[in-house]
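Written below as structure tokens is the structure these notes are about.
In the text below, chain A, chain B and the rest are named by the order of the sequence lines, each starting its count at 1. Computed from a predicted structure; not experimentally measured.
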Amino acid sequence: MLKEIIEPLLDWYDANARVLPWREEPSPYRVWVSEIMLQQTRVEAVKPFFDRFLESLPGVKELAECPQDRLLKLWEGLGYYNRVRNMQNAARVVMEKYDGRMPENYEALLELPGIGRYTAGAISSIAFGIPVPAVDGNVLRVMSRLTMDEDDILKQSVKSRWEREIGGMMPQDRPGAFNQALMELGAVVCVPNGTAKCGQCPLEAFCMAREAGRIRDFPKKAPKKQRKIEKRTVLILLAGNRTAICKRPENGLLAGLYEPLNLKEHLSREQILNYLKERHISALHIQEAEESKHIFSHKEWHMAGYIVKVEEPLGRETDDIIFVEREERKKNYPIPSAFRAYMKYM
DNA sequence: AAATCGGGGAT
DNA sequence: ATCCCAGATTT
């Protein structure tokens, strides 16, 4: 019976829970921010961002009122930037609809932008003590191994089934600890890729995959499709001590962030000159920089870089291009990691 | 149901 | 190189 895992799991968690910034004082806002940051992102990656974010935006009101550039700058390098844009939209709803206080209710949390079933369950259980499940990738891996479940954990139907299963066995007195214990076990003991540390697992005696010596065979996952390769041409425009950056569109990849000129395909010097001429930018000199590859989850950019010295623009702007000094750029403009190779020129 | 959306660390 | 992460939203 699966319910037998509850007590040994909670005992293990009490003795082994990691000390994490968001566990010190699990207020609804702090739990919310941590859960959004932790979506598809490891604990170690989130650590440097969490305290800085909380210090800069200590509450729902500050988050709701924060200018977008400053908000994205706090998220710069974390990835999946719509997470923080959605969270700000949710903060504005919380201000207007709930008088600035997070709703103490799973269904109401689920309605907020950026909060899905997992995050609503995590906030409900950890911050409010509501006995609802929080099923993430860790939990699915642990459960699939415990029961040798052959189903593909990427399927929504399988996640729903485990939510129902776990929802029916929540310890009513410690739902937050139980959810975190399952995730913690998956994160530090029942780790992916067949390297599980079964000797340290409090559930070893209950684990069917362990008994069968088949930990490596679980969880089952459908193979993922190949990434698309996109050729890009990146132009580092230098005008005196200023460089050119452009704001990306409000939707889609890297929405709202800034970047150097980033053009489709690999362009010849002639094509580059034509492009600049059409935008009334006088190029004085073009120098090849290194090529660079950046891998996203579903596509790759193969970038050819050029350093282009241009005449000082009369005003500050040409079209949507802004010329800024290095220190101002570093302080105020969020730029994706994809351009890391070229930042030394800017 | 499938595609989109980042980045980095482990293997 | 491949995997995968305290997932959500859009198509």
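Minimum atom distance to the side chain of A/Asp136 is reached by C/dG7, of the listed B/dC5, C/dG7, C/dC4. Ranking B/dC5, C/dC5, B/dG7 by closeness to the A/Phe296 side chain, first place goes to B/dG7. Among the nucleotides B/dG6, B/dG8, C/dG7, the one closest to any side-chain atom of A/Leu254 is B/dG6.
Side-chain nitrogen and oxygen atoms of A/Gln40 include none within less than 4.0 Å of the OP1 or OP2 phosphate oxygen of C/dC5. Remark: A/Lys224 is not in phosphate contact with B/dT4, judged by side-chain N or O atoms under 4.0 Å from OP1 or OP2. Between A/Lys225 and B/dA2 there is no side-chain polar atom (N or O) within less than 4.0 angstrom of OP1 or OP2. Look at A/Arg141 and you won't find any side-chain N or O under 4.0 angstrom from OP1 or OP2 of C/dC4. In this model, the phosphate group of C/dA8 is approached by a side-chain N or O of A/Thr119 to a distance below 4.0 Å at OP1 or OP2. Side-chain nitrogen and oxygen atoms of A/Ser337 include at least one within less than 4.0 Å of the OP1 or OP2 phosphate oxygen of B/dG8. OP1 or OP2 of B/dT4 has not a single side-chain nitrogen or oxygen of A/His298 nearer than 4.0 Å. Listed pair A/His294 / B/dG7 meets the phosphate criterion, a side-chain N or O lying under 4.0 Å from OP1 or OP2.
Spacing of P atoms, C/dT11 relative to B/dG6, comes out at 15 Å, to the nearest Å. C/dA6 and B/dT4 are spaced 24 Å apart, taking the P atom of each and rounding to whole Å.
Of the residues in residues 168-201 of chain A, A/Met183, A/Pro192, A/Asn193 come within less than 4.0 Å of DNA chain C through at least one heavy atom, sorted by number. Proximity of residues 63-89 of chain A to DNA chain C (heavy atom under 4.0 angstrom from any strand atom) is restricted to A/Asn86. Of the residues in residues 142-164 of chain A, A/Lys159 come within less than 4.0 Å of DNA chain C through at least one heavy atom, sorted by number.
The backbone N or O of A/Arg227 lies less than 3.5 Å from no partner atom in the side chain of A/Lys299, so there is not a single donor-acceptor pair.
When heavy atoms are screened at a 4.0 angstrom cut-off, A/Lys228 is found touching no nucleic acid atom at all. Contacts of A/Arg227 with the nucleic acid, taken as non-hydrogen atoms under 4.0 Å apart, are absent.
Through ILVMFWY side-chain contacts below 4.5 Å, A/Ile295 is grouped with nothing and stands alone. Clustering of Ile, Leu, Val, Met, Phe, Trp and Tyr side chains at separations under 4.5 Å places A/Phe218 together with A/Met148, A/Met208.
A/Arg23 and A/Ser34 are not linked by any side-chain donor-acceptor pair at a separation below 3.5 angstrom, with hydrogens and angles left out of the test.
Using a cutoff of 4.0 Å between basic side-chain nitrogens and carboxylate oxygens, A/Glu250 and A/Arg85 are scored as salt-bridged.
No more than 12 heavy atoms of other residues, nucleotides or ligands sit less than 6.0 Å from atom CD of A/Glu270.
Side-chain to base pairing of A/Thr41 with B/dG8: no donor and acceptor N or O lie closer than 3.5 Å to each other.
Using a 30° and 60° split on the angle between ring planes, A/Phe339 and A/Trp301 fall in the tilted class, from 30° to 60°.
The CG-P distance, from A/Leu109 to C/dA8, rounds to 12 Å in whole Å.
With sequence neighbours left out, the ring pair (Phe, Tyr, Trp, His ring centres under 6.0 Å) criterion links A/Tyr29 to no other residue.
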